[in-house]
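Remarks on the structure that follows.
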Amino acid sequence: MKNYLNVEEGKNSWKRYVSTTVLASVFMLLGSIIYIIAEMIMVAADESGKSYVDFDSGLAVGINANLDFLLSHIMYICWIFGLWIGIRFIHKRKMKSLITANKRVNWKKVIWSFGAFSLLLIVSQLIDVVFNHSDYSWNHVSLKEYALLVLITLLLVPIQTTTEELFFRGLLLQWVGKKVKRPILLAIIVGLMFSIGHFANPE
């Protein structure tokens, strides 16, 4: 069985990994700047005067939540585009090589894993609702707003999650894996990298 950590396709010196990591990060930063500018434009266009930018949190308050959620994914679209440029033109290989060393992605495994994780998540969430029901409350939103939120979530959240997986558990895992051969240690190192990148998350 081929191991996607032992990349044979393309050119994969440490300098190329550094270049691709920096390039993808620059594109992510560019996307973040575009998103911030878009938020500021929405605040400026709000005639009610109730919206504002909270510079402590870096978030716009009082703007349309669905539109804000939609625009927040600009960063991930830019990020994955920068990653694609790096893999395609610096490493001279296909994006698929970040997922598998085989000719095709095994979608059955992907779907099975997604289903297994979703089941665990649903069960754990239901248990939490039972034992901590006071932590939950109904959001009184219109059906139209909720339907739009579900649509945006189904279309764009997969871009966010795929981008992060390809960057952390694809590019960085392969890079670190060139030196670290112990699977558990490798998982811990890249897991810490992933965690550090998410320390600012409100949850």
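We number each residue from 1, following the sequence as shown. Please read these numbers as outputs of a predicted model, since none were measured by experiment.
Nearest heavy-atom pair across K178 and Y17 is CD-CE1, 3.5 Å. Nearest heavy-atom pair, C78 versus G31, reported as atom, atom and distance to 0.1 Å: SG-CA, 3.7 Å.
The side chain to side chain contact (heavy atoms under 4.5 Å, CB included) search around I159 returns Y76, I77, L156, T163, not counting sequence neighbours. The side chain to side chain donor-acceptor pair (under 3.5 Å) check on Q174 picks up R93, with sequence neighbours excluded. Scanning for ring pair (Phe, Tyr, Trp, His ring centres under 6.0 Å) contacts around F69 gives H73, with sequence neighbours left out.
The only member of I37, N64, L71 that meets side-chain contact (heavy atoms from CB on, under 4.5 Å) when paired with M42 is L71. Between F167 and the choices F27, W79, W84, the ring-ring contact (aromatic ring centres under 6.0 Å, His included) rule is met once, by W79.
In this structure, H91 contributes its side chain and K11 its backbone to a donor-acceptor pair below 3.5 Å. S97 places a side-chain N or O within donor-acceptor distance of the main-chain N or O of K94, the cut-off being under 3.5 Å.
The number of heavy-atom neighbours closer than 6.0 Å to CG of L143, taken from other residues, nucleotides and ligands shown, is 12 or below. More than 12 heavy-atom neighbours from other residues, nucleotides or ligands sit within 6.0 angstrom of NZ on K181.
The CD1 atom of I63 sits 11.5 Å away from atom CD1 of I41, with the distance rounded to the nearest 0.5 Å.
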